[in-house]
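In what follows, a single structure is set out as structure tokens and then discussed.
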Number of protein chains: 2
Amino acid sequence: MKRSSLEYALLGLLRQKPQSGYDLRKAFASTPLRHFSDSPGSIYPALRRLQVRQWVSAAAENGSRRRRQEFIVTSAGARALVAWLRQPVTRDDVIWRLDELVLRFAFLDGNVDRPDSLRFLEEFEQDLAGYVHELRQFEKDFDPQHRSTTGYMAFKHGVDSYQNELQWVRHVRKEFAEVLS
Amino acid sequence: MKRSSLEYALLGLLRQKPQSGYDLRKAFASTPLRHFSDSPGSIYPALRRLQVRQWVSAAAENGSRRRRQEFIVTSAGARALVAWLRQPVTRDDVIWRLDELVLRFAFLDGNVDRPDSLRFLEEFEQDLAGYVHELRQFEKDFDPQHRSTTGYMAFKHGVDSYQNELQWVRHVRKEFAEVLS
DNA sequence: GTGCACATGTAATGTGTTACATGATTAT
DNA sequence: ATAATCATGTAACACATTACATGTGCAC
């Protein structure tokens, strides 16, 4: 069940617009975001996996003689994407897969309805707030003497990063809540 | 040459204090930070690799009859760690390996001198500032209509994250510069 | 005497990275 | 003509994850 986030990223992009592997590579290369490699060695095999799983289907384009295949998301693929988006947000997601949560957020639009989006953000905020609280607790308890200075600073910076993330989620959630009411 | 950051994380921790694989696992499990798994399947093989490369040496402990081996960093290992820390910071590091840069920062203490630390921070700030500028540029240029709303928000959030990171680096660099002068 | 923490490992699997490879079309 | 871009792929390699496996010492 646990698929790589690259596969979902491809699926999400293909939902927005059917395109070729090359197009997707360019999207990753030009979009300054999201840490997906534009190397053919990652994207083409991933597309192949999606195709085998029948989450996308390939249509050979013959507009030009140049070889090129566009991928489109099948209905099964769309269901899989929505299921991924609708998954409950867990504490582990917040700790280990924060990037994936942001990716899920990015694809909410057009794939799930507003109540679902709001629920996603509420869970996100809840778990993130809980984790930030834990980190603050840990920060208070531990003895700064035992750590190196830069080590301690790096730790505090980590906590601040999560705090910033939390502020963003709160802000976004409020926006969503307003529009809904 | 490109070693996994897990290996350097282990090396850095072992430099701070010789300890066993189990101790390191506990450190990863209890420290709420840095996304290293505490699974034996990652740590023990990594230690083995370090040992084969002679960056650490294992000393069997026989204080108790319980089996346990402590690892200590060899001089070659220490040199490798320092070489890793002293590497120039590149744009690619900033984009693809930000976490590794923070990890390097955490281990500066006790391994490189202040001028080297300062140089690290200067390069970090430079490259990060350049990248943030690029992102802002990209943000201005592209057409918000073509993207989904949440997609656009996620992008802006990404930029903000980098901006926050930059602020932190600037702040830390100033602290370091003051102490040095 | 049973369960828990200590302590170390291996095997299967999936997947990302890098490098290599091929060929078509367009621009200069 | 030749370089750049379009377009797709494979192979080798390293690595992380997960699950499984084994055994010791201590506390209750």
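In what follows, every chain begins at residue 1, and chains take the letters A, B, ... in the order their sequences are listed.
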With sequence neighbours excluded, tell me which residues meet salt bridge (Lys or Arg N to Asp or Glu O under 4.0 Å) with A:Arg173. A:Glu125
Salt bridge present between B:Arg136 and B:Asp160 (N-O < 4.0 angstrom): yes
B:Phe71 has an atom CZ; how far is it from atom C1' of C:dG9, in whole Å? 11 Å
Only pairs under 3.5 Å count here: list side-chain donor-acceptor contacts from residues 128-135 of chain B, not counting sequence neighbours, and write none if there are none.
from	atom 1	to	atom 2	distance (Å)
B:Tyr131	OH	A:Pro32	O	2.5
B:Glu134	OE1	B:Arg91	NH1	2.8
B:Glu134	OE2	B:Arg91	NH1	2.4

Identify which nucleotide among C:dC6, D:dT8, C:dG9 has an atom closest to any side-chain atom of B:Arg67, counting heavy atoms from C-beta outward. C:dG9
Whole-Å gap separating P (C:dG9) and CG (B:Leu24): 13 Å
For B:Lys17, side-chain contact (heavy atoms from CB on, under 4.5 Å) partners two or more places apart: B:Gln19
For B:Ala29, side-chain contact (heavy atoms from CB on, under 4.5 Å) partners two or more places apart: B:Asp38
When rounded to whole Å, the CZ to P distance for the pair B:Arg68 and D:dC26 reads 14 Å
What is the distance, to the nearest angstrom, from the CG atom on B:Leu47 to the P atom on C:dA7? 14 Å
Nearest whole Å is fine: how far is D:dT5 P from A:Asp23 CG? 16 Å
Rounded to whole Å, how long is the line connecting atom CD of A:Gln19 with atom P of D:dC6? 14 Å
Can you name the residues that form a salt bridge (Lys or Arg N to Asp or Glu O under 4.0 Å) with B:Glu70, not counting sequence neighbours? B:Arg68
Salt bridge (Lys or Arg N to Asp or Glu O under 4.0 Å) with A:Arg49: which residues, sequence neighbours excluded? A:Glu7
Show which side-chain atoms of residues 78-89 of chain A pair as donor or acceptor with protein atoms under 3.5 Å away, not counting sequence neighbours.
from	atom 1	to	atom 2	distance (Å)
A:Trp84	NE1	A:Glu100	OE2	3.1
A:Arg86	NH1	A:Asp116	OD2	2.3
A:Gln87	NE2	A:Trp84	O	3.1

Ignoring backbone atoms, establish whether B:Gln69 has a side-chain N or O less than 4.0 Å from OP1 or OP2 of C:dG9. yes
Looking at B:Glu178 and B:Lys174, is any side-chain nitrogen of the basic one under 4.0 Å from a carboxylate oxygen of the acidic one? no
Please give the angle, rounded to 10 degrees, between the axes at the start and the end of the helix from C:dG1-D:dC28 to C:dT28-D:dA1, where five pairs define each axis. 20°
With sequence neighbours left out, write down each residue that passes side-chain contact (heavy atoms from CB on, under 4.5 Å) with A:Ser161, or none if nothing qualifies. A:His157, B:Glu165
Rounding to a whole Å, what distance do you find between A:Tyr22:OH and D:dT5:P? 8 Å
Give me the distances for all protein-to-nucleotides 10-19 of chain D N/O pairs that come in under 3.5 Å?
from	atom 1	to	atom 2	distance (Å)
D:dC15	OP2	B:Arg49	NE	3.4

The correct set of residues in residues 76-86 of chain B placing a heavy atom under 4.0 Å from DNA chain D is none
Residues two or more places apart in sequence or in another chain: which of them pass side-chain contact (heavy atoms from CB on, under 4.5 Å) with A:Ser30? none
Nearest whole angstrom, please: distance from the P of C:dG16 to the CD of A:Glu100. 11 Å
